[in-house]
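Comments concern the structure below.
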Protein chains: 2
Amino acid sequence: MGIAERKEREKEEMQKLILDTATKLFLEKGVEKTSMRNIADAIEYSPGTIYLYFKDKSELFDAMHVKGFEIFFQYLSKVMVIEDPMERLEQLGIQYLTFVIENPAYYDMMFILRTPMQAKHNKEEWNPGDRSHQVLTSTVADCKRAGYFKDQNPEVVSFMIWAQVHGLASMFIRERMKFYPEDKREELLFEAKHTFMEILRRF
Amino acid sequence: MGIAERKEREKEEMQKLILDTATKLFLEKGVEKTSMRNIADAIEYSPGTIYLYFKDKSELFDAMHVKGFEIFFQYLSKVMVIEDPMERLEQLGIQYLTFVIENPAYYDMMFILRTPMQAKHNKEEWNPGDRSHQVLTSTVADCKRAGYFKDQNPEVVSFMIWAQVHGLASMFIRERMKFYPEDKREELLFEAKHTFMEILRRF
DNA sequence: AATATTTACTGAACAGTGTTCATTTTTTTT
DNA sequence: AAAAAAAATGAACACTGTTCAGTAAATATT
């Protein structure tokens with residue numbers, strides 16, 4: 001049955017073509033401003049065809065969401081080998097912000113944007129956010145073992161740290177840094193993060 | 001010329017009617033999901049009428065933006081009289097988060113959402129964000145005078161603090177706290193903020 | 001009081017959106 | 001070569017923000 005296999009392959013290729021094109025447009029123009037017809041035009045198929053491969057626009061969005069997290073983890077993985085937990089925490093933050101600066105559209109999509117259209121994806125199954133949370137909590141736990149964060153609830157500390165970095169990231173991305181000169185913003189981002197780490201260290 | 005005055009009054013009333021209705025719908029259903037026709041239906045006028053009082057949807061959005069900041073400042077004002085700068089900083093944070101919890105839709109609109117439609121409002125004129133920034137920076141300056149934040153750039157410290165609180169707020173609002181039980185989230189918000197203040201104090 | 005002018009409002013029309021589905025085209029099986 | 005199955009189409013539906021010629025109401029002038 002070579003035909004069935006070829007069909008399977010063709011279906012996957014088509015899916016990839018659609019997803020790649022959608023991703024490209026989403027990142028270029030933003031999710032809201034990319035229409036299904038735009039995607040259809042780009043792949044030179046009719047709009048209806050997309051719906052044979054993806055249930056709706058939000059499924060396309062979800063698929064790209066997953067891809068974003070894969071890229072995100074490549075950044076985090078680079079420093080996950082560091083022995084000293086506090087140094088690891090510092091470098092994780094730097095990787096986080098580097099991802100934000102190099103992939104702002106992805107970050108926006110992954111951590112800020114709500115699902116477009118309806119919020120249908122309530123699937124408790126595999127929330128990609130869980131995994132990044134895991135990386136953080138285990139590092140914080142290691143820090144605690146190394147003598148930091150005495151008398152502190154590690155869950156609260158983890159949440160605080162994530163909120164700090166996410167706060168920096170989302171103010172940068174959603175343009176709430178207008179009171180600082182444009183060419184100093186990235187610098188300020190890392191400076192603030194560094195100051196935060198400094199006060200964490202002597203805790 | 002009593003007529004001109006009455007007309008002026010009527011015009012303002014109409015503007016208020018439109019804005020109040022739009023605000024109500026924006027907060028209830030979200031900006032994107034509220035259409036100009038929805039607003040027109042609610043006030044029992046035709047869609048075209050709205051455009052005689054507001055240039056476009058984003059002007060309605062802007063008007064409500066301003067109103068949001070007025071409410072926001074009522075929260076901050078409550079504690080701006082506190083003498084001790086560090087205590088003021090602590091209470092400002094609590095007020096900030098209280099506003100977020102009591103007016104999540106407003107907060108989303110003011111600090112997270114991008115202008116709907118195009119990002120036309122580049123008006124450098126009076127950015128409402130500036131004022132809240134002012135409150136923070138002056139309090140941080142007072143803290144520095146009181147001996148805190150030694151050898152630290154107050155601009156960096158201010159930005160860090162704001163990012164921390166904003167990070168907590170936006171993770172709460174944009175539902176990135178799914179790994180915590182729903183009834184514990186508000187509590188965690190304040191706990192994280194409190195821990196942050198604790199580590200700030202011994203700095 | 002009747003007419004002219006200004007102001008206010010309407011709602012159809014335009015170009016766009018996500019999505020569906022009967023119809024047509026292409027491919028595979030008989 | 002004919003029948004069945006699969007894939008792709010594109011018109012249609014109900015919606016969106018916005019515009020603008022036309023109508024209706026209120027005011028000013030004669």
Side-chain angles (χ1 to χ4, degrees), chain A residues 1-19 21-23 25-26 28-64 113-121, chain B residues 1-19 21-23 25-26 28-64 113-121:
Chain A
M1 280 295 114
I3 287 172
E5 283 166 20
R6 199 205 65 216
K7 286 238 166 180
E8 181 67 24
R9 215 163 50 230
E10 278 175 356
K11 190 164 184 169
E12 273 168 24
E13 268 166 30
M14 188 65 165
Q15 244 170 55
K16 187 169 152 40
L17 174 65
I18 294 171
L19 182 55
T21 309
T23 300
L25 292 175
F26 283 172
E28 268 174 25
K29 318 200 300 169
V31 182
E32 304 292 344
K33 282 179 185 163
T34 301
S35 73
M36 296 303 262
R37 282 173 186 81
N38 291 158
I39 301 167
D41 284 354
I43 60 172
E44 294 178 298
Y45 278 84
S46 81
T49 303
I50 298 173
Y51 289 86
L52 301 173
Y53 295 87
F54 293 91
K55 198 174 126 283
D56 52 26
K57 195 179 179 181
S58 106
E59 196 169 287
L60 269 174
F61 177 84
D62 281 0
M64 124 159 232
L113 222 59
R114 267 196 266 264
T115 327
M117 324 296 101
Q118 298 92 292
K120 315 179 180 172
H121 71 145
Chain B
M1 280 293 113
I3 288 171
E5 284 166 20
R6 199 205 65 218
K7 287 238 168 179
E8 180 68 24
R9 217 165 47 230
E10 278 175 356
K11 190 164 184 169
E12 273 169 25
E13 269 166 29
M14 187 65 164
Q15 244 172 54
K16 187 170 152 40
L17 174 66
I18 294 171
L19 183 55
T21 307
T23 301
L25 292 175
F26 282 172
E28 269 173 25
K29 318 200 301 167
V31 182
E32 304 292 343
K33 282 180 185 162
T34 301
S35 74
M36 296 304 262
R37 282 174 187 79
N38 291 158
I39 301 167
D41 284 353
I43 60 172
E44 295 178 298
Y45 278 83
S46 82
T49 303
I50 299 173
Y51 289 87
L52 300 173
Y53 295 88
F54 292 91
K55 200 173 126 283
D56 52 26
K57 194 179 179 181
S58 109
E59 198 170 286
L60 268 175
F61 177 84
D62 281 0
M64 124 159 232
L113 221 59
R114 265 196 268 264
T115 327
M117 323 296 103
Q118 299 93 292
K120 317 180 178 170
H121 71 144

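Everything quoted here is computed from the prediction, not taken from an experiment.
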task: Establish, with yes or no, whether the OP1 or OP2 oxygen of C:dT10 is under 4.0 angstrom from a side-chain nitrogen or oxygen of B:Thr49.
output: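 Indeed, a polar side-chain atom of B:Thr49 lies that close.
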Less than 4.5 Å apart, any side-chain heavy atom of [X] and any of [Y]?
| X | Y | answer |
| --- | --- | --- |
| A:Glu12 | A:Glu8 | yes |
| A:Val31 | A:Lys57 | yes |
| A:Met36 | A:Phe54 | no |

field: Which residues share a side chain to side chain contact (heavy atoms under 4.5 Å, CB included) with A:Tyr45, sequence neighbours left out
entry: A:Met14, A:Ile43, A:Thr49
- request: May I have the distance from A:Glu12 (atom CD) to D:dA7 (atom P), rounded to whole angstrom?
  value: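 The distance from CD of A:Glu12 to P of D:dA7 comes to 13 Å, rounded to the nearest Å.
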Can you pull every protein N or O that's under 3.5 Å from an N or O on nucleotides 23-27 of chain D?
from   : atom 1 : to     : atom 2 : distance (Å)
D:dT27 : OP1    : B:Arg6 : NH1    : 3.0
D:dT27 : OP1    : B:Arg6 : NH2    : 2.1

- line: Residue set satisfying side chain to side chain donor-acceptor pair (under 3.5 Å) with A:Glu44, at least two apart, ordered chain then number -> none
- prompt: Which residues satisfy the salt bridge (Lys or Arg N to Asp or Glu O under 4.0 Å) test with A:Glu13, sequence neighbours excluded?
  reply: none
Could you run down the sub-3.5 Å N/O contacts of the protein with nucleotides 13-17 of chain C?
from   : atom 1 : to      : atom 2 : distance (Å)
C:dA13 : N6     : B:Arg37 : NH2    : 3.4
C:dT17 : OP1    : A:Ser35 : OG     : 2.8

- prompt: Is it the case that more than 12 heavy atoms not belonging to B:Lys16 sit under 6.0 Å from its NZ atom?
  reply: no
- prompt: Contact class for A:Tyr53 (heavy atom, under 4.0 Å): base, sugar-phosphate, or nothing?
  reply: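 Sugar-phosphate: the residue A:Tyr53, judged by heavy atoms under 4.0 Å, touches backbone atoms but no base.
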Terminal axes of the helix from C:dA1-D:dT30 to C:dT30-D:dA1 (five pairs each): angle between them, nearest 10 degrees: 30°
query: What do the steps show when you test A:Arg6 against A:Glu10 for salt bridge (Lys or Arg N to Asp or Glu O under 4.0 Å), and what is the final call?
result: CA-CA 6 Å; A:Arg6 199 205 65 216; A:Glu10 278 175 356; 3.2 Å; yes
